[in-house]
Number of protein chains: 2
Amino acid sequence: MKKVTILDIAKELNVTFSTVARALNDHPAISAATKKAVRETAERMNYRQNKIASSLRSGRTNVIGVVVPSLRVTFFSSVVAGIEQVMNANGYNILLYQSNETLDQEKKGIETFLQSRVDGIIASISTETTDYGAFHEIIKRKTPLIFFDRTIEQLDMPSVTIDDYKGGFIATEHLIRQGYRRILHISADREISIFKERLRGYIDALEYYNIPVDEELIIKGNFSLEFGKSVIREARLSGLKFDAVFALEDYTAMGVLQQLLEFKVKIPDEIGVIGFANEAFGSLVTPQLSTIDQQTLAMGKEVAKLFLKLKKDEMTGEKKLEKIVLDPLLIIRASSERHK
Amino acid sequence: MKKVTILDIAKELNVTFSTVARALNDHPAISAATKKAVRETAERMNYRQNKIASSLRSGRTNVIGVVVPSLRVTFFSSVVAGIEQVMNANGYNILLYQSNETLDQEKKGIETFLQSRVDGIIASISTETTDYGAFHEIIKRKTPLIFFDRTIEQLDMPSVTIDDYKGGFIATEHLIRQGYRRILHISADREISIFKERLRGYIDALEYYNIPVDEELIIKGNFSLEFGKSVIREARLSGLKFDAVFALEDYTAMGVLQQLLEFKVKIPDEIGVIGFANEAFGSLVTPQLSTIDQQTLAMGKEVAKLFLKLKKDEMTGEKKLEKIVLDPLLIIRASSERHK
DNA sequence: CTGAAAGCGCTAACAC
DNA sequence: GTGTTAGCGCTTTCAG
């Protein structure tokens, strides 16, 4: 079972292998008859193009590298799903790498992508990434680079994100409209811009509605279900008064919900709760958790489309930096809906 | 910014490019001094190996293709995460493809993998896959093929699965031990072996404990949260008596739970519920959902390890067909725990 | 419309 | 220890 190459097909048909190559690539200057004959024998001989050889010669691989922190986070696997769908539909393949939130692995991933001569790189950076060397390398190599969600602003690259500021704003606004006034916000202690943006949205919404911003109501920590619970426990101990909670992400919000229920607090009557991310469990828990949807699949598709557009613009010589910002969606559920 | 090749490094150092190639590949017959010099100039000139050229020449790509139905299903993204972790640690990269549960896309994915000359293919088949042509092709090409979870038994390939029969058995056994006797089982109407195995486990557990198998208590359909709800509604209408439900997967179990709660049924006192898959939401809902854990990350890692082992055995000439079967884990939570 | 020829950047067998 | 040489299987000018 020797592998068959275009040369074998050429011999079979008494033409040169370049004619075969052209026919296979649907070159315009080949007669329909030849094309038909070539395709038929290719099929018959079970020929299969060698993309490696093709890539080496042409300089294009039709592969794009995708680095994400972890596929085990629904957000990322969902975005990757979107990227993959659109890219495959357009003849590209995805090389996948997980950074596991470490700078070291992120670098290694980018390094292999570059060695594999990918046609582009899509990335969402790790929480550890403060050294941008690997990304500078991508740019130096003139490999197209697109960020999504977690970007590096200084690099000024095309990106697709959601408007976290707006997400923070509409979450807070919703609580205000439901009549809540002392809204506790749980934020992160890390310097990640998306969380700072959500916080900024929270503050601006309060100000917009003339509600005083109370620093005591802004609590920062290492977000998790457990942290959400502990925030509520400590608030009770310290006697902190609040009538709603806006948590930076759903698991933390879930912790809040669980602890409040344990304390027999009525949700949403006494205290309203809203999270962020629209994790699958939100619609399944009791009471159902209000949240902000980040349009993950759409984000993936947008990233892919942006890449394809970039390629096209490159050919037509256009050059503009696109930063797509998607709208967050307010998902109102029982945990925060006081007035029907 | 011309790309630098081993030839450029060779010129710089007045040696031939093959010496450079050897040095870079840590060939034993190269002096330490030369190696050092080569590495330094390579670094200085910002050289980066071209994997395409290397692959074309050597016949190895160090890439393996992974086809899964969808990354949006936690089970699959989690397994892929495991595969990726181990493979990357061993110098392999992952080409990713989603079949979206269609035969057509699955075929396309395999086709491109073959064209890309991947060193192996890891697959979990789509629910539509009844024509095995694409997989025969993989085997014909002598490309290593490993299945996980959803396999094609006729092909007799290495695989990693969990013991679905045992999962069905222990889920049912647990319910029996909790004192439930009329256990409703929701199964699938499709011909997928994993679901049939769970059903078989259910039946055997009943027989083992001398409980009559009542065909009325086995309901098949297109599993989903909605289906779980409708099963309960219809059971109430038809007056079907049962005191527990074992659903083939968690979303269906969740539908069961929700509908029972709507009917004010006490869980687990009146009716016990257990699912399958250990989705993230199970520990967050009220009551918490008992389930069977499938060890997804471990499964991914096992698949990767099996691939690496296959490669090694290939070199040493060994040849045995390994089918790894992982143990399902019983996760007992409030929805089925009557006796503490 | 088709053929001839060069070469992408590397590996590996064979010399010396 | 290092050099020579021959491709891997394609794409892509340049001819005709």
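In what follows, every chain begins at residue 1, and chains take the letters A, B, ... in the order their sequences are listed. The model shown is predicted, which means the values in this text are computed figures rather than measured ones.
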J.: State whether A/Asn50 places a side-chain N or O below 4.0 Å from either non-bridging phosphate oxygen (OP1 or OP2) of D/dC8.
T.: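 Checking A/Asn50 against D/dC8: no side-chain N or O falls below 4.0 Å of OP1 or OP2.
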
J.: Between atom CG in A/Leu7 and atom P in D/dT11, what is the gap in whole Å?
T.: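 In whole Å, D/dT11 P lies 14 Å from A/Leu7 CG.
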
J.: Please work out whether the ring planes of B/Phe307 and B/Tyr92 are parallel, tilted or perpendicular, with thresholds of 30° and 60°.
T.: perpendicular

J.: Figure out the NZ/C1' separation between A/Lys51 and C/dC8, and round it to whole Å.
T.: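 For the pair A/Lys51 NZ and C/dC8 C1', the rounded distance is 18 Å.
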
J.: Looking only at non-hydrogen atoms, find the nearest pair between A/Ser126 and A/Glu106 and report the distance.
T.: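 Result for this residue pair: N-OE2, 2.8 Å.
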
J.: From the set C/dG9, D/dT2, C/dT11, return the single nucleotide nearest to any side-chain atom of B/Ser58.
T.: C/dT11

J.: Find the distance A/Ile52:CD1 to C/dG7:P and express it as a whole number of Å.
T.: 23 Å

J.: Measure up the A/Tyr97 and A/Phe113 rings against each other and bin them: parallel (under 30°), tilted (30 to 60°), perpendicular (over 60°).
T.: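 Plane angle over 60°, so perpendicular.
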
J.: Assign each of B/Ile30 and A/Gln49 to its nearest nucleotide of DNA chain D by heavy atoms, then name whichever residue's nucleotide is nearer the 5' end.
T.: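 Its nearest nucleotide being more 5', the pick is B/Ile30.
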
J.: Could you please spell out the steps behind the salt bridge (charged side-chain N to carboxylate O under 4.0 Å, His left out) verdict for A/Asp313 and A/Lys319?
T.: CA-CA 7 Å; A/Asp313 287 356; A/Lys319 208 170 183 178; over 6 Å; no

J.: To the side chain of A/Phe17, which of D/dT11, C/dG9, C/dT11 is closest?
T.: D/dT11

J.: Using atom NZ of A/Lys35 as one end and atom P of C/dC1 as the other, report the distance to the nearest whole Å.
T.: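 These atoms are roughly 9 Å apart.
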
J.: Could you please name the option among C/dG3, C/dC10, D/dT11 that lies closest to any side-chain atom of A/Ala21?
T.: D/dT11

J.: Among D/dG9, C/dG3, D/dG3, find the nucleotide with the atom closest to the side chain of B/Val15.
T.: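 Out of D/dG9, C/dG3, D/dG3, the nucleotide with an atom closest to B/Val15's side chain is D/dG3.
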
J.: How many Å lie between CZ on A/Arg57 and C1' on C/dC8, as a whole number?
T.: 6 Å

J.: Tell me the interatomic distance from B/Gln115, atom CD, to D/dC10, atom C1', rounded to whole angstroms.
T.: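 Rounding to the nearest Å, CD of B/Gln115 and C1' of D/dC10 are 13 Å apart.
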
J.: Please pick, from D/dT12, D/dG9, D/dG3, the nucleotide with the shortest atom-to-atom distance to any side-chain atom of B/Thr19.
T.: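 So the side chain of B/Thr19 is nearest to D/dG3.
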
J.: Counting just side-chain N and O atoms, does A/Ser31 come under 4.0 Å of either OP1 or OP2 of C/dT2?
T.: yes

J.: With sugar-phosphate meaning primed atoms plus P, OP1 and OP2, does B/Ser18 contact a base, only sugar-phosphate, or nothing at under 4.0 Å between heavy atoms?
T.: base

J.: Does A/Arg60 contact D/dT12 through a side-chain donor or acceptor facing the base, at a distance under 3.5 Å?
T.: no

J.: For the pair made of NE2 in B/His27 and P in C/dC14, what is the distance, rounded to whole Å?
T.: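 Atom NE2 in B/His27 sits about 14 Å away from atom P in C/dC14.
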
J.: Rounded to the nearest angstrom, tell me the gap between atom CZ in B/Arg22 and atom P in C/dG9.
T.: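 Rounded to whole Å, this separation is 20 Å.
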
J.: Just checking A/Ser55: base, sugar-phosphate only, or nothing, at a heavy-atom cut-off of under 4.0 Å?
T.: nothing

J.: Tell me, with the steps shown, if A/Thr143 and A/Glu137 meet side-chain contact (heavy atoms from CB on, under 4.5 Å).
T.: CA-CA 9 Å; A/Thr143 300; A/Glu137 203 58 40; over 6 Å; no

J.: Any Lys/Arg nitrogen of B/Glu322 or B/Lys305 sitting under 4.0 Å from an Asp/Glu carboxylate oxygen of the other?
T.: no

J.: If you check the B/Ala29 side chain, which of D/dT2, C/dG9, D/dC10 turns out closest?
T.: D/dT2

J.: OP1, OP2 of C/dG3 versus side-chain N and O of A/Thr16: anything below 4.0 Å?
T.: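 Yes, A/Thr16 has a side-chain N/O under 4.0 Å of OP1/OP2 on C/dG3.
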
